[in-house]
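Computed from a prediction, not measured in an experiment: that's the story for all the values here.
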Amino acid sequence: MKKILIIDDEKPVLMTLEALLQRKGYEVHLAGTAAAGIAAIAKVKPDLVLQDLGLPDADGLETLRGIKQAHPGVLVVILSAHDSLNNAIESIKLGAYHFLSKPYAPEELLNVVTRALEQRELVRETVNLRAEKEELSRRLEQVEQQLAPVFTSRSMREIEALIKRVAPSDANVLITGESGVGKEIIAGQIHRLSKRANAPMVRLNCAAFPQNMIEAELFGYVKGAFTGAVNDFPGMIHEAAEGTLFLDEIAEMPAELQTRFLRVLQEREYRPLGSTKMVKANFRLVAATNCRVDEALQNGKLRQDLYYRLNTFHIEIPPLRERREDIPTLVSIFAKRFAEQMKRPEPQISPEAFRFLMQYGWPGNVRELQNAIEHGIVLADDGVVTEEHMPRELQLPPILQNLPSQSVKGDSLNLESREKQAILKALAQCHGNKKKAAQVLGIHRPTLYSKMKRYGISLVESGAC
């Protein structure tokens, strides 16, 4: 329930506003003087303050000034019978959200209250997102320090050679690849090997912020640029000064913002939101996307002119299933890391478990492999990770792996035209249990055996019953 504090020395006004706001579901607190109001703010921590200018114990504008200095995040709506333009202007200058002249219509007041509370909620979400971003950056930094890119396979060794040649320059780099292949790890390696390594690497995931907030996060803003901009915010471009700006999921950036960002790359200057001054931009750009570039260009998610700027050097990271030589080294790295975190000896991976790791398709790539190793170490109390400790997806026969994950229902299948696919999905859903799969399909178990034989479906490798 949102809390609203009313500071007014007129008792009828207090009673009327209290009744009006309580009917709308707000928790209302009252104060008849400036001193009582300031004390109530510290105690109640209201979401919104409705303050009269004509208070008996203090000047209303000075009271507003004191509230905003002590509690800059509190939104204040000024209510005044003194309808003067000077009062209104001065109130807004001191940080008031809005100025209402008495008398006012109840609907007008309620509309202002609604907008103010919505704005406060948006500011809170922005603060939370920023905190989450900083925490994510901290965790990613720890991961990067623990895990350098693995260059065992030929394709990754070629990428390593390209990184060593590209990193010392200031050339833009575009990294592509499926989700989970390690694009951010490669970006971090480029930064660490660059001449900007002592400056920050600033990360912005364009898919993690609402589209209307990405521009403010990237370019920054000055106080008063928009409702809720109560302080200056320098923005990511400023924070990346002398360092590297990493834009993940660049194709998720709104098209009109891509145009503005392209001008920054061309002119090396930009203007924060609400500012009249141009600011020099000095950063090295590394961008990434898990989209197919040709499709992103075709459907307009990625502008061609921006793509040509990004694509000075293009590093495409192959999926893990195409570089299985990297799996043993990655398994060793992950096993050691998680064992250290859990304060356990480094575990052994049984031959059967290792076979599962090598034959699995890894649709989630390196990130999924990391999760699988953590899963196995958590369950392996005796220091040996066996096939039984692997996630259930890995324990399925290869023929049942990486099928579509939607549930299978007997009454929704056309068994005459799609019997084999339906049987495979049912077996995968039931983790190879034929009895349960037959029940899902709505057929008898001997019938299922007959159809499996007909379609050459064998689960012998997994030992499923």
Beyond-backbone contact of [X] with [Y], side-chain heavy atoms, under 4.5 angstrom:
X: Leu17; Y: Leu79; result: yes
X: Pro168; Y: Leu193; result: no
X: Leu129; Y: Thr126; result: no
X: Ile78; Y: Leu64; result: yes
X: Tyr360; Y: Met390; result: no
X: Thr386; Y: Ser350; result: yes
X: Ile186; Y: Ile163; result: yes
X: Leu61; Y: Thr63; result: no

With side chain to side chain contact (heavy atoms under 4.5 Å, CB included) as the test, pick out the partner of Phe246 among Arg284, His191, Met201.
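Exactly one option meets the side chain to side chain contact (heavy atoms under 4.5 Å, CB included) with Phe246, and it is Met201.
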Given Leu218, Asn205, Ile214, Val286, the one that forms side chain to side chain contact (heavy atoms under 4.5 Å, CB included) with Leu247:
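Checked Leu218, Asn205, Ile214, Val286 against Leu247; only one passes side chain to side chain contact (heavy atoms under 4.5 Å, CB included): Leu218.
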Summary of salt bridge (Lys or Arg N to Asp or Glu O under 4.0 Å) pairs that have at least one residue in [range], sequence neighbours excluded:
range: residues 160-176; answer: Glu160-Lys164, Asp170-Lys195, Asp170-Arg196
range: residues 62-75; answer: Glu62-Arg65
range: residues 356-375; answer: none

Is it the case that [X] and [Y] place a side-chain donor and acceptor less than 3.5 Å from each other?
X: Glu178; Y: Asn290; answer: no
X: Glu27; Y: His29; answer: yes
X: Gln359; Y: Arg355; answer: yes

Any residue meeting ring pair (Phe, Tyr, Trp, His ring centres under 6.0 Å) with Phe226, in chain and number order, not counting sequence neighbours:
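For Phe226 the ring pair (Phe, Tyr, Trp, His ring centres under 6.0 Å) partners, ignoring immediate neighbours, are Tyr221.
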Go through the steps to decide whether Asn87 and Ser80 satisfy the test side-chain hydrogen bond (donor to acceptor under 3.5 Å, both in side chains), and finish with yes or no.
CA-CA 9 Å; Asn87 281 338; Ser80 177; 4.8 Å; no
Under the rule for side-chain contact (heavy atoms from CB on, under 4.5 Å), what residues qualify as partners of Met278, not counting sequence neighbours?
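For Met278 the side-chain contact (heavy atoms from CB on, under 4.5 Å) partners, ignoring immediate neighbours, are Glu269, Arg271.
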Could I get the full list of side-chain contact (heavy atoms from CB on, under 4.5 Å) partners for Glu322, not counting sequence neighbours?
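In terms of side-chain contact (heavy atoms from CB on, under 4.5 Å), with neighbours along the sequence ignored, Glu322 is linked to Pro318, Pro319.
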